[in-house]
4 protein chains.
Amino acid sequence: MPAETPRATNGARAQRSAARREAILAAALDEFSAQGFTAARLDDVARRAGVAKGTIYLHFRDKEALFQELIGSVLAPFVDTLEAALAADIPARAMADQIVELFVTQVYGTRRQEVIRLIVTEGPRFPSLAEFYYRHVLSRVMAAMREWMRRAAARGELASDAFIRFPQLMGAPAIVAILWHGLFERFEPLDVRAFLHAQLDLVFGRKPCGE
Amino acid sequence: MPAETPRATNGARAQRSAARREAILAAALDEFSAQGFTAARLDDVARRAGVAKGTIYLHFRDKEALFQELIGSVLAPFVDTLEAALAADIPARAMADQIVELFVTQVYGTRRQEVIRLIVTEGPRFPSLAEFYYRHVLSRVMAAMREWMRRAAARGELASDAFIRFPQLMGAPAIVAILWHGLFERFEPLDVRAFLHAQLDLVFGRKPCGE
Amino acid sequence: MPAETPRATNGARAQRSAARREAILAAALDEFSAQGFTAARLDDVARRAGVAKGTIYLHFRDKEALFQELIGSVLAPFVDTLEAALAADIPARAMADQIVELFVTQVYGTRRQEVIRLIVTEGPRFPSLAEFYYRHVLSRVMAAMREWMRRAAARGELASDAFIRFPQLMGAPAIVAILWHGLFERFEPLDVRAFLHAQLDLVFGRKPCGE
Amino acid sequence: MPAETPRATNGARAQRSAARREAILAAALDEFSAQGFTAARLDDVARRAGVAKGTIYLHFRDKEALFQELIGSVLAPFVDTLEAALAADIPARAMADQIVELFVTQVYGTRRQEVIRLIVTEGPRFPSLAEFYYRHVLSRVMAAMREWMRRAAARGELASDAFIRFPQLMGAPAIVAILWHGLFERFEPLDVRAFLHAQLDLVFGRKPCGE
DNA sequence: GATGAATGAGGGTTCATTCAT
DNA sequence: TATGAATGAACCCTCATTCAT
């Protein structure tokens, strides 16, 4: 059907365009991670993405917009996953184990690790970035965690209310694992799973007191 | 005493020189903290320090050397304090409380907070900085903590060995408190003392087991 | 008539093409007038003309050719009108009044004003433009004016030969009126007709000598 | 006196700095005149001035500030001269001749010609430039001219009030002479003095009517 | 030692032009 | 013929570093 040719053509174009956009985002993540936002050069991003420098500006208003969209596009999908997981009705410790697993496979083992590191390293200079992350990621994750904790506490599965008051205690070791990986892994490797489970042991007790 | 005049003069000169050096370091910490290493401008450092731009180069080889010396000069003294504190022979929980207090007053409430944030934010781009910090600060602090934990465990004061295997679990909330302060304090303030004590409650139990 | 369909189609095509060309020229005049040749962007010209950027290059070799054709196409028709008017055999002062009216309605009140301004503002950077304008417009207008003046002088209608030696004296206020309009109208409006008639009063005397 | 050495040194520095500033202004006038503001490249300005590109920014905030200061610094002194000349109490025609001479020697024969051309060519794109010129040059000159004309009219030296109502009539040929010089001189040279005096003849009458 | 004017390489961004569709 | 995504050279401006005073 010749009538489809233009559609197919347009589709091919749109596809190529989308592919370039993704290539630019991936290259930008590489460069921003390696050099930091300010020191990263769009020249290098373009070369790494295999496009001309001007092409970046067809997809992103400027360097900062590229950075912001990079952060947003990588983390958004994960928040949904995490919220869905936290809504399940399973025993607290099993849930905690599952969240650790989710973090290790969906964050620590992926480029999301680099994105989180970028939020930590560049956030202080990008108030809007910190705000975006807080509103769209952090506050949602913390709310979901608090809700889950409350249900667990109601079932008497928590030895302490520390976690409810400070959901950050669950995230802290995860953040530190990411930072450790980038800074000190070469001097002293860290077993992420064991590390995170150790924190869980503190919350739930490895073996409950007296058992 | 005229004989002393030259010495006194030299002394005064050296004093003025040292004062300038300190002023430059303080100004550099301000600017690096506010802008990040790459975006910070030596022009602003000089203006803030009240010296000419060229003067910086009389004290530091280049921008990077200034940054490295800045980091190195601030944390070292604190390690001694911490090691000394950890060597004391007091009950584990009391010791932990004391360390929290030390952190809050000697780190969180001082410029050391900014230095630690700089290590986290700039470390990925300065491998030598990460190494310096690991060797001269982190590994010493972790060793001292492990030793203290071991003594506490021997006295049966620890509900879990998680802390011994991962001393980072004690540091994680402290690091996260510093990062939170710079990133999200304006959206959701964090009570640092309560936060760190909540983690201690996990380790030692809010109320010891069986009480 | 099926035989005509292709011709009609071709005619329609040619018509559409010519319409696009005109739209581009009109849009270009807008943009060049507002921004100047160098600062004007073909992107804006295309958008304003309702065509794609590439379409411009189907009608004009490059930005400079577009500019030159724009200038050339607007003024030429007017020269014929002016020459015809100047050939009429009427009293000098009446003729002068008529020329002023022609300028006000056919130049000052139309897009030709913008074109003349462009010749003045961009001419220094486009020697070929200045030459084209001189050869096809200015020299012809000046020659026609001189001829008219000579006839008027022969009839004793001119108080001075200044105008014959320097026909530019007639054009000068007209040019200045155009420039004033673009530069200072907002600070001090200028009544163009009165202004030009004032110059005529100088040449012919407000009331002819001796009356 | 050794005490003077620093002063002399500072003086030499300041002198060199001022010389550079002047060199930049002169080079900028060259480039802006030849290329127009937008097309002129600061690289070329720097090369022509014999300084590094960055040096321009030690003296001028940006390209636009360089342009504005250029205009202002060249014309300001002349306005004083002109106002002073117009205040003198001499016969109108003698004054007019003197003003023509002033224009020919102090404007047309100097770089001021280029500056005036720049105001005309770049003014439409620089509202602030047009405003500056109107407020600090044009309105002052026109006011001084009107005042002079009024005195001349009171003495019965003017054949027409056209000049009082439109002082622009005196400036128009001067402006046109400048534009002609840049655009058409190579095709048809213009005797500026004769041209301007021809306009004066219109105002004052070469020989008064009937004489 | 101290200064700060001068340097010039470097990077973000723009935009005329091309060309595959 | 018309499109508009892609290109990459060009240009303004910054800022680490130097050096004459």
Side-chain angles (χ1 to χ4, degrees), chain A residues 5-6 8-14 16-17 20-21 38-47 50-64 66, chain B residues 13-14 16-17 20 38-47 50-64 66, chain C residues 13-14 16-17 20 38-47 50-64 66, chain D residues 5-6 8-14 16-17 20-21 38-47 50-64 66:
Chain A
T5 308
T9 298
N10 287 344
R13 276 225 194 162
R16 278 179 58 86
S17 181
R20 276 172 201 273
R21 193 191 148 90
T38 309
R41 302 179 310 158
L42 290 188
D43 234 341
D44 291 338
V45 172
R47 184 170 18 260
V51 302
K53 220 185 332 177
T55 303
I56 295 175
Y57 290 85
L58 294 178
H59 294 277
F60 306 95
R61 196 177 2 82
D62 56 17
K63 194 187 187 185
E64 195 165 330
L66 167 59
Chain B
R13 275 201 194 162
R16 275 181 58 85
S17 180
R20 277 173 199 272
T38 308
R41 302 184 304 136
L42 290 189
D43 237 335
D44 291 337
V45 172
R47 180 164 30 255
V51 302
K53 216 183 338 177
T55 304
I56 293 175
Y57 288 85
L58 297 175
H59 293 277
F60 307 94
R61 191 173 9 80
D62 57 16
K63 193 187 185 186
E64 196 167 326
L66 167 59
Chain C
R13 275 205 194 158
R16 276 181 57 84
S17 180
R20 278 173 199 272
T38 309
R41 303 183 304 135
L42 290 189
D43 238 336
D44 292 337
V45 172
R47 180 166 28 257
V51 303
K53 218 185 334 179
T55 304
I56 294 175
Y57 287 84
L58 298 175
H59 294 276
F60 306 94
R61 193 173 5 84
D62 57 15
K63 192 186 185 186
E64 194 166 329
L66 168 59
Chain D
T5 308
T9 298
N10 287 344
R13 276 224 195 163
R16 277 180 59 86
S17 180
R20 276 173 201 273
R21 193 192 148 91
T38 309
R41 302 179 308 159
L42 290 189
D43 233 341
D44 291 338
V45 172
R47 183 168 21 258
V51 303
K53 219 186 329 180
T55 304
I56 295 175
Y57 291 86
L58 295 177
H59 294 277
F60 307 95
R61 194 175 4 81
D62 56 17
K63 194 187 186 186
E64 196 165 328
L66 168 58

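Side-chain atoms are counted along with the backbone in the values below, which use heavy atoms only and exclude waters and symmetry mates. The shown structure was predicted, so the numbers you read here are calculated from the model rather than taken from an experiment. Order of the sequence lines fixes the chain letters, A, B, ..., with proteins taken first and strands second; residue numbering starts at 1 for each chain.
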Stems field, DNA chain E, Watson-Crick or wobble, 3.5 Å, at least 3 pairs, by first number, holds E:2-21 with F:2-21

When rounded to whole Å, the CZ to P distance for the pair Phe60(A) and dG12(E) reads 15 Å

So CG of Asp43(C) and NZ of Lys53(C): to nearest 0.5 Å the spacing works out to 4.0 Å

When all nucleic acid strands are considered with a 4.0 Å heavy-atom cut-off, which category describes Arg16(B): base, sugar-phosphate, or nothing?
-> nothing

Extract all donor-acceptor atom pairs below 3.5 Å that involve side chains of residues 55-64 of chain D and protein atoms in other chains or at least two apart in sequence.
| unit_1 | atom_1 | unit_2 | atom_2 | d |
| --- | --- | --- | --- | --- |
| Thr55(D) | OG1 | Ala52(D) | O | 3.4 |
| Asp62(D) | OD1 | Glu64(D) | N | 3.3 |
| Asp62(D) | OD1 | Ala65(D) | N | 2.9 |
| Lys63(D) | NZ | Phe37(D) | O | 2.8 |
| Lys63(D) | NZ | Thr38(D) | O | 3.1 |
| Lys63(D) | NZ | Ala40(D) | O | 2.9 |

Between CZ of Arg20(C) and P of dG4(F) the distance, given in whole Å, is 11 Å

When rounded to whole Å, the CG to C1' distance for the pair Asp44(A) and dG12(E) reads 13 Å

From CG of Leu58(C) across to P of dG4(F) the rounded distance in Å is 13 Å

Taken to the nearest whole Å, CD1/Ile56(D) to P/dC13(F) is 10 Å

So, is His59(D) near the phosphate of dA6(E), with a side-chain N or O under 4.0 Å from OP1 or OP2?
yes

Counting primed atoms, P, OP1 and OP2 as sugar-phosphate and everything else as base, the B/S/- map of nucleotides 15-20 of chain F against protein heavy atoms under 4.0 Å is SBBB-B

Residues passing the side chain to side chain contact (heavy atoms under 4.5 Å, CB included) test with Arg16(A), sequence neighbours excluded, are Arg20(A)

Out of dA6(F), dA2(F), dT3(E), minimum distance to the side chain of Thr55(C) belongs to dA2(F)

